[in-house]
Amino acid sequence: METHGRKRIKGIIIAAAAAGFVVIVAAMFVIVRYTPTKEKMSGYKYFDIDKNTDKVLVMIDGESYPDTGINIDGRLYLPQEFIADNINVGFYYDKESDATLYSDTSYIYAFKKNQNDYSDDTGKIYTMDYSVIRDVDGECFIAWDYVAERTDCEYQYASEPDRLNVTLKSEAKQCVTAGKKAAVRYRGGIKSPVLEYVSKGDRLEYVDDIDEWIKVTTVSGYTGYVKKSEVSNTFEYVREQKAVEEHKFLLKNEKITLAWFQVSGTAGNSSIDNNMSTISGVNVIAPTWYSVTDASGNMSSYASADFVSKMHQRGIDVWALVSDFDTNVDFAQLYSSKAARTNMVNKLVGEAKSYGFDGINLDYENIKIAYAKDYLQFVRELSVACERNGIVLSTDNYKPEAYNRCYNLKEQSKFVDYVIVMAYDEHYAGTDAGSVASLPFVKEAVEDTVQLVGKEHVIAGIPFYTRIWTTTDGNTTSRAVGMQAAIDQLNSDGQVALWNDDCGQYVASYTVGSSTRQIWFEEEKSIEAKMQVIQQENTAGVACWKLGLEKSTVWSVISQYNK
């Protein structure tokens, strides 16, 4: 009996031990299953970066550029061309002087490679405790610290791998903040490896909501998952815009009504007298006085002090127009040459002082992407000179489209007082028949320009001309005529034009012999429709091409809305 009792006790002990083991195993299973992993994913693996690289990854608004930056003496440098293309187009490399130029609207600064000293265009010398520009194997690199101070952006520098995360866009984002120290994981689950730990109060950009997890992007560039219970509710965040030095804009305290006046030779200035008796409300005249004639920046000139004096007596400002219509000029060579740019600046500013005109109107319509950055540098250099001498600077630009994006209206608007959008030539010689400036075309041109530039700097250009289109045997030709000439043609043909609400114009299409004739008219009613758009957008004013093509009655229509 005693032996049997001992066996029974032993069995109970073994059973209890087994049960305990089961409990321990079960507990361990629960612990393992429900305990978050602390395993960290390598940043090199996440960003697909070679661990042995000595280059820096750059991320801009979510776009990655591996092997872009370099660290020199503990300071980050980025390639000049990369900066100009992706971050701040104001940093311009001038091949002729082998220097990087930067303009802050008041001065043009020149930086030589590997030098702590730099100068401005007045000859003043400045000294830094580091070289803003470094030469690396023949390539120009710029210190990020200097770029960041002069760029409207947010950025974060992080390591393993070395990376720079830059935010340029300023639109609102949905964000959350961490309520405590939290793990951002590669996937939505506690067993997914940790990308990064964020601290209480850290801001995370909200990407998506997935059950108990939220997909977020950290300020250092990781996109991963954080538990919903560990972050706040979403809120709208708009990054603070960094104040950068602004051009001291010379803006009129009244709406501008500008009329372009085409001049053919110096003697042609006197023909302005034929127009002055019929115009009203015009406060700026832009005579076509200057044209670039060669790649050295030389120009032809029809400027007249008598013309300026005559306009000033009437209370009208004069903005001398400069064109680039001579296609024999090597424009790539012209704009890339600092000497040629300086020649143009000196010519225009010098003659503004000599003749007394009030502004310069750049009508440069042959800019190509290959030398667009060089053209923008010319605009900056001219702007600095104009500001110092109290000269208004304006530029004429096409309706914003993908093909002319190289004109970079946003960058222009930092330096010029007025951006004029030529809201016409919707159809032109060589295209199918159509309106020169239908109402939807004008509306889109003005709205898109205002969005890029700001309404206080936009002048809307409208046409005083139309085209008479003739199609014969499938071949379409046209001729540009003034308002009255188009009406005279219609009357001569014994036809009637009907108002078209869609294009905001009277339209006529009829047969003449074996040909079809089409006209989209400009007159008081079509001009009024355009002026209503301009008034709605509250732009700085209107510009009209050109004097002599209008009916005198349109001036009262323009004055009614441009006030």
Side-chain angles (χ1 to χ4, degrees), residues 258-265 268 271-272 274-275 278-279 282 285-289 291 321 323-327 361 363-366 396-399 401 404 420-442 445 460-472 475-493 495 497 500 503-510 512 515-531 542-555 557-558:
L258 180 151
W260 281 294
F261 174 60
Q262 191 166 26
V263 181
S264 299
S271 64
I272 189 66
N274 299 328
N275 304 97
T278 58
I279 69 173
V282 172
I285 293 282
T288 60
W289 277 349
S291 180
L321 180 144
S323 69
D324 66 345
F325 298 159
D326 186 346
T327 55
N361 175 228
D363 189 26
Y364 284 17
E365 300 185 27
N366 284 303
D396 301 337
N397 297 273
Y398 300 109
K399 173 181 178 289
E401 298 284 2
N404 60 46
I420 302 177
V421 56
M422 299 179 290
Y424 45 82
D425 278 346
E426 179 181 3
H427 295 86
Y428 49 89
T431 70
D432 293 336
S435 173
V436 167
S438 70
L439 192 59
F441 182 86
V442 172
I462 61 174
F464 279 169
Y465 68 96
T466 188
R467 286 186 174 274
I468 298 175
W469 302 86
T470 303
T471 302
T472 307
N475 181 43
T476 300
T477 60
S478 68
R479 57 190 176 95
V481 298
M483 292 180 178
Q484 190 59 52
I487 294 171
D488 290 345
Q489 180 70 68
L490 183 75
N491 292 336
S492 175
D493 293 335
Q495 300 293 324
N500 185 304
C503 67
Q505 292 172 298
Y506 284 103
V507 180
S509 180
Y510 52 91
V512 179
S515 301
T516 298
R517 184 164 289 160
Q518 294 170 279
I519 310 174
W520 284 258
F521 290 87
E522 294 294 354
E523 41 61 65
E524 295 90 343
K525 190 172 181 179
S526 70
I527 294 298
E528 181 174 25
K530 292 175 176 59
M531 290 306 302
V542 64
C544 312
W545 179 265
K546 62 177 180 171
L547 272 183
L549 295 182
E550 79 280 11
K551 293 176 65 179
S552 60
T553 46
V554 302
W555 292 115
V557 174
I558 292 172

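All values derive from a computational prediction rather than experimental measurement.
- You'll find the side chain of Gln489 reaches within 4.5 Å of the side chain of Arg517, heavy atoms only.
- Annotation: side chain of Leu490 is in contact with side chain of Phe521 (closest heavy-atom distance under 4.5 Å).
- Under the 3.5 Å distance criterion, the side-chain polar atoms of Trp520 are left unmatched by any main-chain donor or acceptor of Val436.
- A distance-only check finds no donor-acceptor pair linking the side chain of Thr476 to the backbone of Asp432 [under 3.5 Å].
- A salt bridge links Glu522 with Lys530: at least one charged nitrogen is closer than 4.0 Å to a carboxylate oxygen.
- Using a 4.5 Å heavy-atom cutoff, the side chains of Val512 and Thr470 are not in contact.
- At a threshold of 4.5 Å between non-hydrogen side-chain atoms, the residues Val263 and Trp289 count as touching.
- Annotation for Ser435 and Ser438: closest pair OG-N, 3.0 Å, computed over non-hydrogen atoms.
- Annotation: the span from Phe261 atom CZ to Ile285 atom CD1 amounts to 8.0 Å, rounded to 0.5 Å.
- By the 4.5 Å heavy-atom criterion applied to side chains, Val282 and Leu547 are not counted as neighbours.
- For Asp363 and Trp260, the side-chain atoms include no donor-acceptor pair closer than 3.5 Å.
- Side chain of Asp396 to backbone of Asn361: no donor-acceptor contact under 3.5 angstrom is found.
- The shortest side-chain heavy-atom distance between Gln505 and Thr466 does not fall under the 4.5 Å cut-off.
- Inter-residue side-chain proximity for Thr431 and Trp469 is flagged as met; some heavy-atom pair is nearer than 4.5 Å.
- Here the straight-line distance linking atom OH of Tyr506 with atom CD1 of Ile519 works out to 14.5 Å at 0.5 Å rounding.
- To the nearest 0.5 Å, the span separating CE on Met483 from CG on Asp488 amounts to 13.5 Å.
- Between Lys551 and Glu523, none of the side-chain N atoms (NZ, or NE/NH1/NH2) sits under 4.0 Å from a carboxylate O, so this pair counts as no salt bridge.
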message = As a quick check of understanding, evaluate side chain to side chain contact (heavy atoms under 4.5 Å, CB included) for Glu550 and Cys544, giving each step before the final call.
response = CA-CA 9 Å; Glu550 79 280 11; Cys544 312; over 6 Å; no
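- When every heavy atom of Ala529 is checked against every heavy atom of Gly504, the shortest pair comes out as CB-O, 4.5 Å.
- Nearest heavy-atom pair across Ile420 and Gly461 is CG2-N, 4.4 Å.
- Annotation for Pro463 and Ala423: closest pair CD-O, 4.3 Å, computed over non-hydrogen atoms.
- Residues Ile462 and Met531 approach most closely at CD1-SD, 4.4 Å, considering heavy atoms.
- Taking CZ from Arg467 and OG1 from Thr477, the interatomic distance works out to 10.5 Å, rounded to the nearest 0.5 Å.
- Here the straight-line distance linking atom OG of Ser526 with atom CG of Asn500 works out to 12.0 Å at 0.5 Å rounding.
- Using modelled atom types, one side-chain atom of Tyr398 and one backbone atom of Glu365 make a donor-acceptor pair closer than 3.5 Å.
- In this structure a side-chain-to-backbone donor-acceptor pair under 3.5 Å is missing from Asn397 to Val421.
- Residues Cys503 and Phe441 are not in side-chain contact: their nearest non-hydrogen atoms beyond the backbone lie 4.5 Å or more apart.
- When atom types are taken as modelled, the side chain of Asp425 and the backbone of Tyr428 share no donor-acceptor pair closer than 3.5 angstrom.
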